[in-house]
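Residues take their numbers from the sequence shown, with the count starting at 1. All ligand and atom numbering here is 1-based and tracks the order in the structure.
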Amino acid sequence: MIKINENYSKLKASYLFSDIAKRVATYQNNNPDNKIIKLGIGDVTKPLPPACLEAFHKGVDDLASEDTFMGYGPEQGYAFLREAVAKNDFASRGCAISADEIFISDGAKCDTGNIQEILSNDCIIAVPDPVYPVYVDTNVMAGRAGTWKDGRYDKLVYLESTNENDFIPAPPDAKVDVIYLCFPNNPTGATATKEQLKLWVDYALKNDALILFDAAYVSFIRDETLPQSIYEIEGARECAIEFRSFSKTAGFTGTRCAYTVVPKECRGFTSNGEKAMLHPLWNRRHCTKFNGVSYPVQRAAEAVYSEQGKKEVKDLIDYYLNNAKIILQEMKKLGYTCYGGENSPYIWIDGKMDSWEFFDLLLNKAEVVTTPGSGFGTCGEGFIRISAFNSVEKVEEAMARIKKVL
Ligand SMILES: *Cc1c(COP(=O)(O)O)cnc(C)c1O
C-alpha cells in the first residue's frame with residue numbers, strides 16, 4: 001500500500017496568496033473596466049540590469065561553440081561566482097567567509113526549506129510571527145510543527161513581533177534548537193541592529209542552537225550603521241547559516257539564482273551530544289540532490305558585482321526605495337501608524353481594523369491590492385503590507401486613489 005506523507009494534511013487549507021487572487025478575480029469579473037493596481041505579492045517589476053543581461057547573453061553564446069561549451073558545472077556553483085560573492089558581499093563588510101563556504105542555488109525559498117533535511121526531526125523550531133510562510137509550511141511537511149490549533153501549530157515556538165518590540169523579537173526564555181530570522185523583514189520591513197542580532201547569536205551559542213538567517217532583502221539597507229550579514233556579529237560563524245538571493249537584489253525572481261552560506265565552524269550535535277559540522281552535511285545534500293544553476297544564469301549573477309552592475313543594481317533598488325518612501329509618507333499623512341518602508345521594500349501599516357476588512361476596503365474602493373497582515377500570522381492581525389514593487393506612476397496613482405477613499 002502506498003501511504004502518503006500525512007503531514008501534508010496538517011497544512012492550513014488555504015494559502016494566503018490564492019485567497020487574495022480569488023478576491024481580486026471576483027472584483028475584476030464584477031468590474032471588468034476598472035484597472036486594479038497590484039501592491040500585493042512581493043515580486044519585482046523592473047527588468048534585469050543591463051550588465052546582467054549582457055553577461056547572460058554572452059553566457060548563452062558560450063554554449064554555442066565546442067571550445068567554450070559548458071556541461072554540468074560544480075554543484076556548489078562556479079568558482080567565478082562564489083569568489084565574487086565572498087569578496088563583495090562578505091570580505092567588503094569585514095566578514096571572513098571563504099568561497100567554499102558559499103553554495104550557489106536556484107532560490108532562497110528552496111534553500112530555507114531544504115536546509116532542515118540535515119537537521120534532526122525532533123528539533124524544536126522557533127519562527128517569527130508574522131512570518132514568511134515558507135519557514136512554517138516546510139516544517140509542517142517535515143512533521144515538526146505539530147497540529148493546527150486556534151491559529152497556531154502546537155509544536156512551534158512563535159516569536160511575537162509587535163509594535164511593542166519594534167517588530168524585533170528578543171530570544172525566548174524557552175530553549176529552542178532552530179531559529180528563523182529574516183532582516184530586513186518580510187512582511188514587517190523591520191531591520192535589526194547589531195546589538196539586537198548579538199542577543200540572538202549569544203542565545204544560540206549558549207543553547208547549542210542554530211540560527212537560519214534570511215537576508216533576501218539586504219540590498220535595501222541604506223543605513224550604514226545596520227549590519228548586512230549575521231557574520232558581522234562575533235560568534236555567528238559557529239551557529240548561523242545565512243540565505244541570500246539575487247531575486248530582490250537584481251530582479252532575478254524569474255531567472256533564479258541565490259546562495260546559502262554554511263561556515264566551516266558551524267556546528268550541530270549528534271544524539272550523544274557530540275559536535276558534528278554542518279558544512280559537510282549540506283555539501284553532501286546539495287551535491288546529491290542538486291546539479292547546479294545554469295551557466296548563463298551564474299554569469300548574469302556574477303555581473304551584479306562588476307563596476308557597471310553595482311551601479312545599476314543600486315539604481316534599481318533606489319527606484320523601489322523611492323516608491324516605498326512615497327507610500328510611507330502618504331499613509332502617514334492619512335494618519336496611519338506605519339513601520340518599515342526604509343531599508344526595506346515593505347510598508348507595514350496598522351489598519352485600525354481587521355486585516356481582511358482593510359484589504360477589501362482598499363480593493364473595492366481604491367482598486368489597490370495589498371496583503372492582509374493576518375495571512376502572515378496571528379500578530380499580523382490588524383495590519384496590511386504594501387509593497388513598493390511597481391512603477392512609480394502606478395504607486396502614485398494608487399496613493400491618490402487611497403487618499404480619496406480613506
Ligand atoms: C522573496 C524572498 C526570498 C527569495 O526567494 P527566491 O527563492 O530566492 O526567489 C527569500 N526569503 C524571503 C523572506 C523572501 O521574501
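- Here the heavy atom of the protein found nearest to atom 5 (O) of ligand 1 is K109 N, 3.6 Å.
- The heavy-atom pair separating I221 from P227 by the smallest distance is CD1-O, 3.5 Å.
- More than 12 heavy atoms of other shown residues, nucleotides or ligands fall within 6.0 angstrom of atom CZ in R93.
- For the pair C110 and ligand 1, the shortest N or O to N or O distance does not fall below 3.5 Å.
- Between N186 and ligand 1, a contact under 3.5 Å exists for at least one N or O pair.
- Proximity of the aromatic rings of F167 and F383 is defined here by a centroid distance below 6.0 angstrom, and this criterion is met.
- For the 3.5 Å distance criterion, the side chains of S9 and E6 fail to qualify, holding no donor opposite an acceptor.
- Any N or O atom pair closer than 3.5 Å counts here, and D214 shares at least one such pair with ligand 1.
- Residue R256 has at least one N or O atom closer than 3.5 Å to an N or O atom of ligand 1.
- Here R23 does not pair with D19 in a salt bridge; the nearest charged N to carboxylate O distance is not below 4.0 Å.
- Atom 4 (C) of ligand 1 has as its closest protein heavy atom K248 NZ, 3.5 Å.
- Y339 and D350 share no side-chain donor-acceptor pair at under 3.5 Å.
- An N or O contact shorter than 3.5 Å links Y217 to ligand 1 by distance.
- With S247, A258, A216, G107 as candidates, the residue nearest to atom 9 (O) of ligand 1 on a non-hydrogen basis is S247.
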